[in-house]
Structures are given as C-alpha cells and as structure tokens.
Student: 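Structure in structure tokens, see below.
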Amino acid sequence: MTAYGLLVSPSHNRVYAQAAAGLVKAELAVFSERALDGRVRDIRETSIGGVPYVTFTADELSEQDVRLLSNLSSLYALFRIEDGELLRPVMLQPLDLFGSDLLTIQKYSGKTNEYFTKLLLNVTAMASGSPMDLVTGRPRVLDPMCGRGTTLNQAMMYGLDAAGIDIDAKDFDAYAAFIKTWLKNNRVKHQAEIANIRREKAVLGRRLHVTLGASKERYKSGETMEITVVNADSLAAGRFFRPASFDLIVTDAPYGVQHGSRPKGGQPGRRGKPQLSRSPVELLAAAVPEWAALLRPGGAVGISWNTYVGRREDLADILASSGLEVRDSEAYRGFRHRVDQAITRDLITARKP
C-alpha cells in the first residue's frame with residue numbers, strides 16, 4: 001500500500017473553507033466506492049510539517065486513477081508520502097480546458113460556491129451507471145434551475161455539452177451577456193445566438209445557444225461543445241428537450257426563498273397570478289418526474305438543498321417515486337455542511353435504471 005496526501009485549495013471563502021476538508025474526504029470516498037473498486041482507504045485529516053492534509057492509502061495509483069482524482073473539487077496538489085513526511089509530487093491531469101476565471105469571475109448574491117458546484121457535478125457523475133465516463137467519455141449535463149450558469153460553466157470547463165433552464169429573465173440575460181463577453185475576451189472561437197421558442201405561433205420562452213471550440217483548430221475540425229440555456233419554467237422541461245437526452249442532471253435547489261417555478265395546480269394569489277412556492281420539497285415533487293424523463297438509462301440526478309426546509313427522507317421518496325434508485329451508502333451521507341445560520345446544505349443522488 002502507498003500513502004498519499006492531498007493539499008486542499010487555499011482559495012476557498014471563509015465559510016466554505018471550514019467545511020472543505022470534510023467535503024473532499026466524502027468526495028474521495030465516493031470516488032473510491034464508485035470508480036476505484038474501493039481501493040482508496042484510511043481517508044483522514046493529517047498534519048504534515050504543521051500543514052493540514054487529507055491523506056489516504058491505496059495500491060499504486062494508475063495513470064487513469066490519477067486522471068480521475070485530478071478532478072477532485074478542492075484538490076490543490078497531490079503527493080506520494082514517503083518515509084512518513086517526504087512528499088513527492090504527483091503530476092495532475094485535470095480535465096480543465098479553460099482558465100479558472102470562467103468559474104470565478106462572476107460575483108453576485110446567491111451564487112453557489114464554484115468548488116461545491118464542481119463537487120456536486122463530480123458526485124453525480126459517480127452515481128451514474130458509468131462513473132468513469134467523467135474522464136473517458138462525454139456525459140451531457142442539464143441544470144434545470146441553472147440561475148446564472150455556474151453548473152454550465154463547470155461543464156464547459158470539463159469539455160462537456162450542457163444545457164440549463166431558468167425562469168428568471170434577468171438571470172438568463174445576465175448569463176448570456178457574461179458567456180458571450182467571456183468567450184470574446186478570451187478569443188474562444190464560437191457562435192452564439194438568442195431566439196424565441198415558438199409553438200403554434202405562441203412564444204414559450206427564449207433560448208441561448210452557444211457552439212464553441214476549446215481551440216481554433218478544434219472548432220474548425222468540428223470538435224465543438226454546445227451550451228444551451230432556456231428561459232422558461234423548469235416544470236415544462238420536457239417541452240424543450242427530448243426524452244432520454246441527458247446523462248447527468250445537476251441542480252442546487254432553492255434554499256427556501258421564493259422561486260419562479262411552481263407546482264402544477266398552484267393556487268392563484270394576488271391579481272390572479274399563481275403563488276410562488278417557498279418549499280423546495282414541493283417544487284421538487286412536481287419537477288423531478290419531468291426531469292427523470294430526460295435522463296438516459298444509467299444516468300444520474302444530483303440535487304443539493306437546505307436541510308432546514310426539507311428532510312433527506314422527503315427527497316429520497318420523491319426520487320424513488322420517479323423510478324430512480326437513490327445512492328445512500330455511508331460515502332454519500334458525508335456531505336452535510338453548514339453554509340450560514342439559516343442554511344445547512346446536503347446533497348442527494350440517484351440513478352435511473
């Protein structure tokens with residue numbers, strides 16, 4: 001057995017930094033269980049030379065093992081530990097295609113931490129029937145409540161095709177402006193267009209469609225990726241995307257604040273407008289069956305939420321009632337962490353048989 005140590009990225013915000021080591025331990029345990037045949041053991045926090053590391057033991061890591069572990073959400077550096085405290089660097093091979101500013105440059109109230117977004121995408125990929133597709137394949141990603149596109153940007157960083165839905169027109173416009181500006185400023189070859197979505201002469205929403213290449217050469221050869229965002233209600237996702245067209249559905253549910261989506265049959269409020277639901281559980285109960293129809297067999301859904309406004313058992317029942325198999329091993333129960341005094345966040349994943 002060989003001992004390894006990973007250094008957690010030092011650039012977390014203060015609150016997330018307190019949870020980062022525990023989260024990467026849980027993430028590493030999921031990677032081991034789902035993609036590495038349980039070969040990663042003894043995961044713990046260890047001080048080496050006065051510096052905190054997350055350490056583990058494993059059989060000698062193969063090149064493919066390193067390719068996978070290089071994408072751990074909070075990984076800053078990985079070392080082989082020799083003679084107790086001698087650290088020999090392991091060359092990382094992350095999937096990242098673009099500069100980190102793609103993920104960090106956007107600053108706005110309510111933004112999901114980019115490290116957690118990456119973790120949620122990773123852990124959802126591990127819940128699928130083909131977890132190694134994250135590094136050897138090209139899973140297609142949907143965020144059905146995408147906000148200003150943090151998940152879409154992470155998928156793009158990985159070189160994946162991604163789509164999002166959000167009912168907030170301001171968020172749609174903000175993301176469209178950001179991604180077009182970012183691509184132009186970074187001289188990424190692309191095409192981007194916004195058009196109305198029409199059915200029988202009625203406008204159902206708007207669509208942003210971006211085709212881009214990681215390099216000019218790839219773009220010219222047709223080796224492109226696509227980012228699509230629909231400005232519409234997530235409960236109508238099936239009207240905008242074909243059934244069984246996504247491998248991963250990843251979303252950060254509302255934390256108990258008003259959200260534009262609403263359950264079907266919601267009671268009208270003032271001026272005859274449907275009332276906005278303040279319950280993520282109520283929203284997810286209506287939305288998950290629609291989302292599940294968009295998953296390919298073997299695909300997975302991952303949802304993070306505020307445990308103060310919904311129990312894990314409630315979300316598990318919603319996923320199971322939509323024909324999904326919840327991942328509920330000990331490794332998948334290690335992600336609960338405090339965000340602030342009103343939010344304790346957790347995540348849950350499930351696979352489509």
Side-chain angles (χ1 to χ4, degrees), residues 9-13 16 70-77 92-122 134-135 138-197 205-232 240 248 250-252:
S9 176
S11 57
H12 290 295
N13 65 42
Y16 195 81
S70 295
N71 300 293
L72 286 165
S73 61
S74 296
L75 177 64
Y76 186 68
L92 299 179
Q93 303 175 48
L95 292 168
D96 296 2
L97 294 176
F98 303 103
S100 61
D101 64 322
L102 172 62
L103 307 175
T104 61
I105 196 170
Q106 284 181 297
K107 306 292 183 184
Y108 54 89
S109 177
K111 178 185 177 182
T112 304
N113 180 282
E114 57 267 17
Y115 290 98
F116 183 78
T117 298
K118 184 176 183 179
L119 181 149
L120 181 58
L121 178 57
N122 286 347
L134 182 66
V135 292
R138 195 174 172 183
R140 190 173 183 227
V141 179
L142 170 68
D143 183 344
M145 294 186 289
C146 67
R148 297 192 187 184
T150 309
T151 301
L152 308 182
N153 292 341
Q154 180 58 58
M156 177 178 152
M157 178 70 85
Y158 277 174
L160 307 178
D161 294 330
I165 308 172
D166 205 275
I167 199 169
D168 192 315
K170 291 182 179 179
D171 282 349
F172 176 89
D173 291 336
Y175 181 71
F178 163 76
I179 197 63
K180 290 192 289 185
T181 300
W182 188 90
L183 291 167
K184 181 180 179 180
N185 289 346
N186 286 272
R187 300 182 180 181
V188 177
K189 190 70 174 176
H190 70 281
Q191 289 184 332
E193 60 180 6
I194 297 175
N196 288 333
I197 304 170
R206 293 182 294 161
R207 177 183 283 115
L208 165 70
H209 185 77
V210 183
T211 303
L212 66 133
S215 67
K216 291 181 180 179
E217 292 74 23
R218 290 187 182 185
Y219 186 87
K220 290 179 181 179
S221 68
E223 189 179 346
T224 59
M225 64 189 83
E226 296 185 353
I227 305 295
T228 302
V229 185
V230 173
N231 178 205
F240 306 106
L248 305 174
V250 179
T251 200
D252 189 25

Student: Quick one, Gln191 and Thr224 - any side-chain contact, counting heavy atoms below 4.5 Å?
Tutor: no

Student: Could you pull out the closest heavy-atom pair between Leu97 and Ala214, with the gap in Å?
Tutor: CD1-CB, 4.0 Å

Student: Can you tell me how far OG of Ser9 sits from CG of Leu75, rounded to the nearest 0.5 angstrom?
Tutor: 9.0 Å

Student: Once ring pair (Phe, Tyr, Trp, His ring centres under 6.0 Å) is applied, do any residues pair with Phe98, and if so which ones, sequence neighbours excluded?
Tutor: Trp182

Student: Distance check, rounded to the nearest 0.5 Å: Leu183 atom CG versus Phe178 atom CZ?
Tutor: 8.0 Å

Student: Using the side-chain contact (heavy atoms from CB on, under 4.5 Å) rule, pick out the option among Val141, Val210, Leu212, Val188 that qualifies with Met156.
Tutor: Leu212

Student: So do Ile179 and Leu208 actually touch side chain to side chain, heavy atoms under 4.5 Å?
Tutor: yes

Student: State, to 0.1 Å, how close Pro94 and Leu92 come at their nearest heavy-atom pair, and which atoms those are.
Tutor: CD-C, 3.4 Å

Student: How long is the gap from NZ on Lys118 to OH on Tyr158, to the nearest 0.5 Å?
Tutor: 4.0 Å

Student: Looking at residues at least two apart in the chain, or sitting in another chain, which of them share a ring pair (Phe, Tyr, Trp, His ring centres under 6.0 Å) with Phe172?
Tutor: none

Student: Drop me the distance from Ile227's CD1 to Leu160's CG, to the nearest 0.5 angstrom.
Tutor: 8.5 Å

Student: Can you tell me if Asn196 uses its side chain to pair, donor with acceptor, with the backbone of Arg206 under 3.5 Å?
Tutor: no

Student: I need the minimum non-hydrogen distance between Gly159 and Met225, along with the two atoms involved.
Tutor: CA-CE, 3.8 Å

Student: State which residues pass side chain to side chain donor-acceptor pair (under 3.5 Å) with Thr228; sequence neighbours excluded, sorted by chain then number.
Tutor: His209

Student: Of all heavy-atom pairs between Ile194 and Ala176, which one has the smallest distance, and what is that distance?
Tutor: CD1-CB, 3.8 Å

Student: Sort and list the pairs that fulfil side chain to side chain donor-acceptor pair (under 3.5 Å) and have at least one residue in residues 138-157, not counting sequence neighbours.
Tutor: Gln106-Asn153, Tyr108-Thr150, Arg138-Asp161, Asp143-Thr151, Asp143-Thr251, Arg148-Asp171, Asn153-Tyr175

Student: How long is the span from the CG atom in Asn231 to the CG atom in Asp168, to the nearest 0.5 Å?
Tutor: 8.0 Å

Student: Using every non-hydrogen atom in the two residues, find where Gly164 and Leu152 come nearest and quote the distance to one decimal.
Tutor: N-CD2, 3.9 Å

Student: For the atom pair CE (Met145) and CG (Asp166), what is the distance rounded to the nearest 0.5 Å?
Tutor: 9.0 Å

Student: Tell me which pairs pass salt bridge (charged side-chain N to carboxylate O under 4.0 Å, His left out) where either residue lies in residues 92-117, with sequence neighbours left out.
Tutor: Lys111-Glu114

Student: Looking at every non-hydrogen atom in both residues, tell me the closest pair between Tyr115 and Ser73 and how far apart they are.
Tutor: CD2-O, 3.2 Å

Student: Applying side chain to side chain donor-acceptor pair (under 3.5 Å), can you list everything that pairs with Ser70, at least two apart in sequence or on another chain?
Tutor: none

Student: Keeping the roles fixed (side chain from Asn71, backbone from Asn122), state whether a donor-acceptor pair exists under 3.5 Å.
Tutor: no

